[in-house]
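Excluded from the calculations below are hydrogen atoms, water molecules and symmetry mates; all remaining heavy atoms, backbone and side chain alike, are included.
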Amino acid sequence: MTTTHLIRQKNPPAILSLGFRPFFLLGSIYAAVLIALWVPWFLGLISVPSAFPPTAWHAHELLFGFVPAIVAGFLLTAVPNWTGRAPVRGPSLGALVLLWLTGRIALALSAHLDPWLTAALCVSFPLALAAVIGREIVAAKNWRNLKIVGALIGLAGADALFHYEVFEFGRLKHAQTLAVAVALLLVMTIAGRIIPFFTTNWLKQNRPGALPQLFGRYDMAAMVLSGAALLGWACLPVLESLTAQARPIVGSAMIAAAAANFYRQSRWTPLRTFAEPLLAILHVAYVFVGLGFLLSGLGVLNDNFEFASAGLHAWTTGAIGTMIIAVMTRVSRGHSGRKLTAPASTVVLYATALIATCARIGAALHPELTSILLPVSGAAWILAFGGFAALYGPMLMKQRL
């Protein structure tokens, strides 16, 4: 039976009928709110009752608040199609949403809470999500998707390390880079599955001709190389203490991973998709994966902070942020019965997400322009995700057409 048929059998409330509905809506609202708070907080205009300094709070809530919410929405919607089992919905889905919200509130008020309680409340959500997704995959013997569960557990571990480093040392040492590496690998894994699949389906219907290469040995090799490069990047301080050749080796591996990902994407025929923005934006978002490896690799090789920061934000704001808004719009339209095409209002969301990315990378490369480019990036990000909540919120709260 299809997921839609299983849902209609019990007629659950719309907002709790599939995971994408509550998590995409709340995640997009939170993405806009946290940047609306962070930019003036970072510039010293306001304060927040969090025990975390503004930069650490910003990094934590993007990586462990916003990203897991969207990942949860996607996985809780996709896994029933992968396994043939009924989706998590109703009270069970509501409990996961409540657990996510509790972590966000705890971190915002962490100045008044015990640090270990704050950490436990934050880490519990990715662990609970991993348990739910793992249960479904194991029950269906869908073993090839167990790597998703491993990534979720890795994200929970990085979250725990994040809290430990902030409260033990007052600064971040390894947790942020580890979290970015895990989140990026998760995005690369999901993108490698959905982009060629969606592209193939659209091209067969609209533009017969060359089709994307589906996941194969080259993709596996590119993922292994990327994973090794990211591990070296995340562990660079430790590696530097062991050998003077750490930077040349890690930097070279990252540039090789950039080339591997650019070539991997070329195998998905991206230039044939630009007639449909709903599809093309997935390819555009993946460009920032390779660009992030290139900039970060140059930053490592030259010990250059500007390139390193630009690479980090190419990954976070570009690859992760833009991929998220691309996936949210497509999944929301498809699972609510809308046409799989992007209207002008949705194209505006894509444009603002890309403006946010370019401005943030520009601020990293030109720190003297931070006071101009950072607010531009923040405003564009708020328009992109706040705009998604405004445009797509009504359809997320209604039954499928």
Short side-chain to backbone donor-acceptor contact, T83 and A140, under 3.5 Å: no
Considering all heavy atoms, the nearest L391-M395 contact: O-CE, 4.4 Å
Reported NE2-to-CD distance for the pair H366 and E306, which is rounded to 0.5 angstrom: 9.5 Å
Check: S377/H313 side-chain N/O donor and acceptor closer than 3.5 Å: no
Steps toward side-chain contact (heavy atoms from CB on, under 4.5 Å) verdict (I281, L354): CA-CA 10 Å; I281 190 63; L354 292 173; 4.3 Å; yes
Trace of the side-chain contact (heavy atoms from CB on, under 4.5 Å) decision for W315 with L230: CA-CA 12 Å; W315 281 332; L230 286 169; 3.7 Å; yes
Residue F274 excluded, over 12 heavy atoms near CZ under 6.0 Å: yes
Heavy-atom side-chain proximity of F385 to L34 below 4.5 angstrom: no
Side-chain heavy-atom pair R267, D219 within 4.5 angstrom cut-off: yes
Side chains of F288 and M323 in contact at under 4.5 Å (non-hydrogen atoms): no
Under 3.5 Å: donor-acceptor pair, side chain of T317, backbone of A314: no
Between CG on residue L76 and CG on residue L18, distance to nearest 0.5 Å: 9.0 Å
Residue pair F125, D159: steps toward the side-chain contact (heavy atoms from CB on, under 4.5 Å) verdict: CA-CA 10 Å; F125 175 72; D159 194 358; over 6 Å; no
Heavy-atom closest pair, residues G232 and L239: O-CD1, 3.8 Å
Under 3.5 Å donor-acceptor, R21 side chain and L396 backbone: yes
Validation row: L340, F198 side chains within 4.5 angstrom (heavy atoms): no
Side chain proximity check, M223 to R264, heavy atoms < 4.5 angstrom: yes
Verdict with reasoning, W202 to T199, per side-chain contact (heavy atoms from CB on, under 4.5 Å): CA-CA 5 Å; W202 185 82; T199 302; 6.0 Å; no
Sidechain-backbone polar pair: E165 side chain, H174 backbone, donor-acceptor under 3.5 Å: yes
Check: T329 main-chain N/O paired with S332 side-chain donor or acceptor under 3.5 Å: no
Closest approach of A342 to P277 (non-hydrogen atoms, all atoms of both residues): CB-CB, 4.1 Å
Neighbour count above 12 (heavy atom, 6.0 Å) for Y218 OH: yes
Inter-residue atom distance I194.CD1 - T189.OG1, 0.5 Å rounding: 11.5 Å
Side chain N261, main chain A257, donor-acceptor under 3.5 Å: yes
T118 vs L107 side-chain heavy atoms within contact, under 4.5 Å: yes
No-hydrogen, no-angle side-chain donor-acceptor test under 3.5 Å, S28 and Y392: no
Under 3.5 Å donor-acceptor, R272 side chain and R207 backbone: yes
Backbone of F305 reached by a side-chain donor or acceptor of S309 within 3.5 Å: no
W82 six-ring centre to R193 NZ/CZ under 6.0 Å and within 45° of normal: yes
Heavy-atom side-chain proximity of S17 to H335 below 4.5 angstrom: no
Shortest non-hydrogen contact from G362 toward L373: C-CD1, 3.5 Å
For the student: nearest non-hydrogen atoms of L312 and W233, plus distance: CD1-CH2, 4.1 Å
Min side-chain heavy-atom separation L278-Y350 under 4.5 Å: yes
Whether over 12 other heavy atoms sit under 6.0 Å from K204 NZ: no
Ring pair (Phe, Tyr, Trp, His ring centres under 6.0 Å) partner of F66, the single match among F23, W381, Y30, W100: W381
Reported CD1-to-CG distance for the pair I70 and L26, which is rounded to 0.5 angstrom: 9.0 Å
CD1 on I324 to CZ on F24, rounded to 0.5 Å: 9.0 Å
Donor-acceptor pair, side chain of R247 and main chain of V300, under 3.5 angstrom: yes
Reference residue H163; test ring pair (Phe, Tyr, Trp, His ring centres under 6.0 Å); the match among W116, F64, F169, F52: F52
Test side-chain hydrogen bond (donor to acceptor under 3.5 Å, both in side chains) applied to H58 - qualifying residues, sequence neighbours left out: none
Exercise: identify the closest heavy-atom pair between P22 and L93: CG-CD2, 4.0 Å
Inter-residue atom distance L63.CG - I320.CD1, 0.5 Å rounding: 6.5 Å
